[in-house]
K.L.:
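Here you go, one structure.
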Amino acid sequence: MHPILLLYAAIALVVARALYAVLVAALSPTRHIPGPFLARFTRLWYFYSVWKGQAEKDNIRLHRKYAKHGQFYAPIVRLGPNMYSIIEPDKQVYGVGSKMRKSDWYEGWKHPSPDRWTMFPDRDIKRHNDTRKKFQNLYALSTLKSYEQYVDDCANIFQDKLGELASSDEYVDMAHWFQVYAFDVIGAITYSKRFGFLDQGKDVDGIMQALDSNMPYSTLVGIYAWLHPYLYEVLQRIPGSGAAGRQKLMNFTQMNKETREAQRRTWDLEGKGVEEKPDGTPEDFLDKLLDMKDDPQKGVTDYHCFIMGLSNIIAGSDTTAVSLSSVLYYLIKTPRAMQKLREEIGWRTEQGLCEADRVSFQDSQEMKYLQACIKEGLRLHAAVGLPLWRVVNEGGAEICGEFLPAGSEVGINGWVAHYNQDVWGPDADEFRPERWIEAEEEGRDKLRYLETYYLPFGLGSRTCIGRHISYLEMTKLVPQIVRKFDFELQRPDSEWSCKNYWFVKPADFHVRVKRLEKQE
Ligand code: HEM
């Protein structure tokens, strides 16, 4: 075809597509739901918002902008032609038995082949339920004990590193150090093997970089999920691209699994489920998976063992690192709270209720102020900063006072929920750990009410399966470091800046570390 004709054809196609979008928007039964003008016709508005890395702020701004008199937030706003952000954790959408599946936005978090599913983005409700049931024990509170030594080892190395950093006057990037810690802990818990980041103080073999580069790709491609298979095919061949990063992690996971299987055969551990292995290390996550695989009753396959290990690294490293940064950042910004936390640790140590050099997970459960500080840190800065998209089923559904037709995508963003002054009160923007203790004292109803709107770990049937593990990592490390070190922000008078590509990562959390004169 002549090039000019080709150009005309392309222009005609674009015009027809635009007219179609205008027509659909004009006739849509949800056209009265407020939102940016462009978002009525195209997902480009949302794409741009996510691309800037500030989507949680835009999301909050929209709910505020369209609030009616007497409301803090508009209950529902539009982010795209059929994408709606809501402020209520509606049970139809998120309840444990909900039939609304994750939207195709989650496709960007997996290999495009339908056979290569993993737990977090799985959109098949039945398969997801089966997987979750099979493996939830590995993440249960009762299993944490077997992972505690791995956390202790990493926390001790982390403490030594802080000691070294304290002897220099330099500002250091605390977000980086928490990332290094969280990666090594999840590596140790999953494979009894630290990645070695803590020891070297940096990324080894580009693993952290691999995961990092995957974030913008997965976050953005999911908005136009149909593009994913084509882009992935090309990008996986380009070093440094998100798709190549994912491939690297998959290779790493597979290699660990194969090495361990060979080792277990040498040690003759297959199917034995021992608590401690011949090399003295406690049974790790991978051993537990392989024990299950060796038991024919459990229906655990090689593929399960592969994806569950991979999920731990992808879902459990940055999330914990960001959350640790949040807690420490707000403690530094709120000296009164830091002081109170140190008093709690000091008092419990004097009373012999916790050890002088480490805090056991069991002891940490009794430390009310510590628990409140962690909860409050994750409220003000949830690690995940985009709506948790779900799809409305056949027949449509009434959500937040609006009837949404089948196929609509609907989601609540933890950041929107956590800054809602109608829920948290006029001091919703403040770091005030006491609010959790007061709510508990007021009675179970008040606490339960707040917890309904507390979503750092998601909600309902897809709530974070690894949350107890992350609590184990955080509740041990935070007291261990704040009792020994002080932290001075490089820019104490301004807010930190963050980039939101699903995880809202701090970009400039620079502090000077100082050893506390008097410990406890
Ligand atoms: C403070 C740390 C963490 C935070 C804030 C966090 C947050 C979340 C959130 C918000 C979800 C739900 C996402 C959705 O609905 O789309 C989720 C799911 C998940 N998380 Fe976490 N997470 C953390 C730590 C971990 C750890 C340590 C692991 C693994 C050891 C883990 C494994 C998973 C998995 C496998 C899912 C998918 C669960 C499912 O679909 O049933 N997470 N997490």
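Order of appearance sets the numbers: ligands from 1, and atoms from 1 within every ligand. Treat the numbers as computed from the prediction; the structure is a model and nothing was measured. The basis for the numbers below is simple: all heavy atoms, side chains too, and nothing from hydrogens, waters or symmetry mates.
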K.L.:
Pick one of side chain, backbone, both or neither for how Arg467 approaches ligand 1, counting any non-hydrogen atom pair under 4.0 Å.
P.N.:
neither
K.L.:
Checking contacts here: is it the side chain or the backbone of Leu388 that comes within 4.0 Å of ligand 1, counting heavy atoms only? Could be both or neither.
P.N.:
side chain
K.L.:
Name the orientation class of the two ring planes belonging to Phe487 and Phe485 (parallel below 30°, tilted from 30 to 60°, perpendicular beyond 60°).
P.N.:
tilted
K.L.:
Take His228 and Tyr217 through the side-chain hydrogen bond (donor to acceptor under 3.5 Å, both in side chains) test and state the conclusion after the steps.
P.N.:
CA-CA 9 Å; His228 179 45; Tyr217 173 75; 2.8 Å; yes
K.L.:
Aromatic rings Trp424 and Tyr454: how do their planes relate, parallel, tilted or perpendicular, breaks at 30° and 60°?
P.N.:
perpendicular
K.L.:
Looking at ligand 1, would Met308 count as a contact under a 4.0 Å heavy-atom criterion?
P.N.:
no
K.L.:
Can you list the ligand 1 atoms lying under 4.0 Å from a non-hydrogen atom of Ile186?
P.N.:
30 (C)
K.L.:
Could you check, using the six-membered ring where one of them is a Trp, whether Tyr419 and Tyr73 have ring centers closer than 6.0 angstrom?
P.N.:
no
K.L.:
Which of these, Ser317, Ser470, Cys464, has its nearest heavy atom closest to atom 19 (C) of ligand 1?
P.N.:
Cys464
K.L.:
Measure centre to centre between the rings of Trp105 and Trp502, then say whether the value is under 6.0 Å.
P.N.:
yes
K.L.:
Tell me which part of Asp122 gets within contact of ligand 1: side chain, backbone, both or neither, using heavy atoms under 4.0 Å.
P.N.:
neither
K.L.:
Using heavy atoms and a threshold below 4.0 Å, how should the contact between Ala315 and ligand 1 be classified: side chain, backbone, both, or neither?
P.N.:
both
K.L.:
Examine the proximity of ligand 1 to His468 and report which part, side chain or backbone, both or neither, has a heavy atom under 4.0 Å away.
P.N.:
neither
K.L.:
Could you tell me whether ligand 1 has any atom less than 4.0 Å away from a heavy atom of Tyr471?
P.N.:
no
K.L.:
Once the angle between the rings of Phe503 and Trp109 is folded into 0 to 90°, is it parallel (under 30°), tilted (30 to 60°) or perpendicular (over 60°)?
P.N.:
tilted
